[in-house]
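Along the sequence shown, residues are numbered consecutively beginning with 1. All values below were derived from every heavy atom in this structure, side-chain atoms included, with hydrogens, water molecules and symmetry-related copies excluded.
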Amino acid sequence: MRRPGDPPTYPAAPGLPRLSPAVALVLLVPALLLLAGAYVWFVQRIEVPAGKVLVLVNRTGAELKTEAGEQVVLHPALLAKLGEPEGSKRYKGIVYDVLAEGRYFYDPFFWRREVVDAVVIEQGEIGILIRRYGDPLPPGKVVATEPHERGPLADVLTPARYNLNPYAYHVVRVKPTYVSEGHIGVQTLFSGADPVNPNRYVVNDGERGVQAEVLPPGMYYNNPFVRRIVEIDVRSHTIDLVDRDAIHFPSNDSFDILLEGTVEYAIRQDKAPYVMMAIGDHNDIKEKIIMPYAKSFSRIEGSKLAAREFISGEARTAFQQRVFEGLRQQCYAQGIEIRAVLFRRIEPPKAIAGPISDRQVAEQQVRQYENEITLARSQARLVEQEELQKQNQETGLARRDVVTMLMEAQQAKTVALLNARQKLEVARLELEAATENAAALRARGQADAEVARLAYAAEARPLADAVSAFGDGETYAQFFFFQRLAPALKSVLASTDGPFADIFRALTPTSDAPAKNTRGTAARASD
């Protein structure tokens, strides 16, 4: 029975079993976990591909609005000013640091997520950072040097990739500055200390204005907000003094002289900043410096000479040299180096040009004849010197041959003496060796003879003893003969006459001797 206040009950659906609370709880937990994982993976997950960065905007926290009502960039200087650590999430706003490629999980209800391109500075360009946050620059300042200032930064971005926050920085791409060969770069600083003397064309190093130091040829990563580099040509240039630029002046004798020529000059590298500011370009150099000085010195020096002197080569050369020296000294102080002055044409009045020319020709012929006479005398002296040189040369050769022969004879004598001494020493050594060999042979022969004598004496000693025992040698010989003969006899067949019978006859006693057998008898002896 349903009581008042009890929750309503619904009849179970037909065909579905009723689940107990415990089973329902067991099934609900995995479902919630699955739902939470799906939320994290499909809602919070954000993929940042290659070449992109992730910008985060905090939707929660205390409000920080600019005067224009925009969201602020939570940069380190601002957080430090608010007393918060770097990376604090206490305030709403744009997170200063960005995230590179990868996978991140940020809840879109708490964070606004933006995937933007990374900044890539290509080859052949540089990047200038413009800071979008911070305080405006004070009047007269063009570069942000403090971390809380808004505006261009002094450092440049060289070719590379940079992960920058587009809400914090804007990148301006510019080309590097090139200073060509034969040129130099004049620097003008827009950012720096105020010049001590603002009325000077060139300021001290580090001061705002034109710098005295110039840049050699090369490539420079120059920040146009910090400095400007102007290329100045310091190669040689020529100015032709012809037509309307030709110089007219009166001579000392009031004749009108026409002068045409060429002036070669170049800008001094150490004075190039001053020339650029005080004078201008090459056309200004011509009109303001070289042409006025050239005309002035030509007229001053030309008025010192008579008209006829401009035809003479020596006078013209001296006039040209004086004009060059004066022009060079005056222009050098202005930063211009005069390298050469050449007057190609100096035209005096025609009324005096002919006679003066004839006179110059005659003078030239006289000088030519004098030169020929001098040349003939020089040739005669040259022939004389050549003959004397040949004589001295032959004498020297003869003396050299005599000295050579003497030296060769002396050397041959020395060599012969050395060879004779060597042979004498060898003969002496051979004689000593032969004497020693003869003495050795004689001693060895005496020793061998003594050994043979002793050997024969040793062999004869027993024989002498044996002979002495038998009385005489004949008896010992007879004994020795019988001793050798007796073992070899088996029988003897002989007559009683003859020398052989005498041997046995001597052995038979006389009383027992048998009668002689005249016809011979046979005797048998046995061992």
Side-chain angles (χ1 to χ4, degrees), residues 236 238-242 246-266 294 297-329 332 337-414:
S236 293
T238 58
I239 298 176
D240 292 327
L241 306 177
V242 295
I247 301 175
H248 295 266
F249 59 89
S251 63
N252 190 27
D253 47 3
S254 301
F255 287 98
D256 186 33
I257 305 298
L258 173 63
L259 176 65
E260 293 182 355
T262 301
V263 178
E264 181 184 359
Y265 76 95
F297 282 107
S298 297
R299 289 167 180 168
I300 292 173
E301 297 298 332
S303 62
K304 299 177 182 179
L305 302 176
R308 59 183 177 81
E309 293 180 298
F310 288 100
I311 301 176
S312 174
E314 296 178 357
R316 292 179 58 171
T317 303
F319 166 73
Q320 178 176 285
Q321 185 65 27
R322 288 195 298 270
V323 172
F324 167 70
E325 291 295 336
L327 185 62
R328 184 179 63 85
Q329 293 177 5
Y332 192 83
E337 179 185 0
I338 302 299
R339 296 182 174 177
V341 174
L342 175 63
F343 292 147
R344 297 190 302 270
R345 179 185 176 191
I346 301 179
E347 184 177 339
K350 295 182 179 179
I352 63 173
I356 294 176
S357 298
D358 295 339
R359 178 182 176 183
Q360 296 296 328
V361 170
E363 291 178 354
Q364 291 178 359
Q365 290 178 351
V366 171
R367 293 194 187 95
Q368 180 180 357
Y369 295 148
E370 291 176 351
N371 292 334
E372 291 177 355
I373 294 173
T374 304
L375 179 61
R377 291 175 180 174
S378 300
Q379 290 178 349
R381 286 196 297 269
L382 178 60
V383 171
E384 181 181 356
Q385 291 177 359
E386 289 178 352
E387 293 298 329
L388 182 60
Q389 182 180 3
K390 290 180 180 180
Q391 180 180 359
N392 293 335
Q393 184 177 4
E394 292 176 356
T395 303
L397 292 175
R399 292 178 179 175
R400 186 183 63 183
D401 293 340
V402 171
V403 173
T404 302
M405 294 175 64
L406 290 175
M407 292 179 64
E408 290 177 353
Q410 186 66 27
Q411 291 177 356
K413 175 183 176 182
T414 303

Please evaluate residues Val383 and Gln379 with respect to the criterion side chain to side chain contact (heavy atoms under 4.5 Å, CB included), reporting the C-alpha separation (whole Å), side-chain torsions for both, the decisive distance (0.1 Å), and the verdict. CA-CA 6 Å; Val383 171; Gln379 290 178 349; 5.6 Å; no
Approximate separation, where rounding is to 0.5 Å, of [X] [atom1] and [Y] [atom2]:
X	Y	atom1	atom2	value
Ser378	Gln385	OG	CD	9.5 Å
Gln411	Leu406	CD	CG	11.0 Å
Lys390	Gln393	NZ	CD	9.0 Å
Ser298	Gln320	OG	CD	10.0 Å

Minimum heavy-atom distance between [X] and [Y], given as atom pair plus value:
X	Y	answer
Ser251	Ile257	CB-CG1, 4.0 Å
Ile247	Ala294	CD1-O, 3.9 Å
Asn252	Ala306	CB-N, 4.0 Å
Leu327	Ile338	O-CG1, 3.8 Å

Considering only NZ, NE, NH1 and NH2 on the basic side and carboxylate oxygens on the acidic side, decide whether Glu325 and Arg328 come within less than 4.0 Å.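 Looking at Arg328 together with Glu325, the answer is yes, because their closest N to O distance falls below 4.0 Å.
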With the threshold set at 4.0 Å, does a side-chain nitrogen-carboxylate oxygen contact exist between Glu301 and Lys304?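 So Glu301 pairs with Lys304 through a salt bridge.
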Before you tell me yes or no, could you show the steps for Gln410 and Met407 under side chain to side chain contact (heavy atoms under 4.5 Å, CB included), namely the whole-Å CA-CA distance, both residues' side-chain angles and the distance that decides it to 0.1 Å? CA-CA 5 Å; Gln410 186 66 27; Met407 292 179 64; 5.7 Å; no
Pairing residues for Phe319 by the ring pair (Phe, Tyr, Trp, His ring centres under 6.0 Å) criterion, not counting sequence neighbours: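 Phe310, Phe343.
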In chain order, what residues pass the ring pair (Phe, Tyr, Trp, His ring centres under 6.0 Å) check against Tyr332, with sequence neighbours excluded?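 Per chain and number, Tyr332 pairs via ring pair (Phe, Tyr, Trp, His ring centres under 6.0 Å) with no residue.
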Heavy-atom neighbours of Gln389 CD exceed 12 at 6.0 Å: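 12 or below, so no.
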Taking it one step at a time, do Arg322 and Ile300 satisfy side chain to side chain contact (heavy atoms under 4.5 Å, CB included)? CA-CA 10 Å; Arg322 288 195 298 270; Ile300 292 173; over 6 Å; no
Glu260 side chain near Leu241 side chain, heavy-atom distance below 4.5 Å: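 Heavy-atom side-chain distance check fails, nothing below 4.5 Å.
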Are any of the side-chain heavy atoms of Leu388 and Glu384 separated by less than 4.5 Å?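 Of all side-chain heavy-atom pairs linking Glu384 with Leu388, none is under 4.5 Å.
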With a 3.5 Å cut-off and sequence neighbours excluded, list the donor-acceptor pairs that the side chains of residues 395-404 form with protein atoms.
{"residue": "Thr395", "atom": "OG1", "partner": "Gln391", "partner atom": "O", "Å": "3.0"}
{"residue": "Thr404", "atom": "OG1", "partner": "Arg400", "partner atom": "O", "Å": "2.6"}

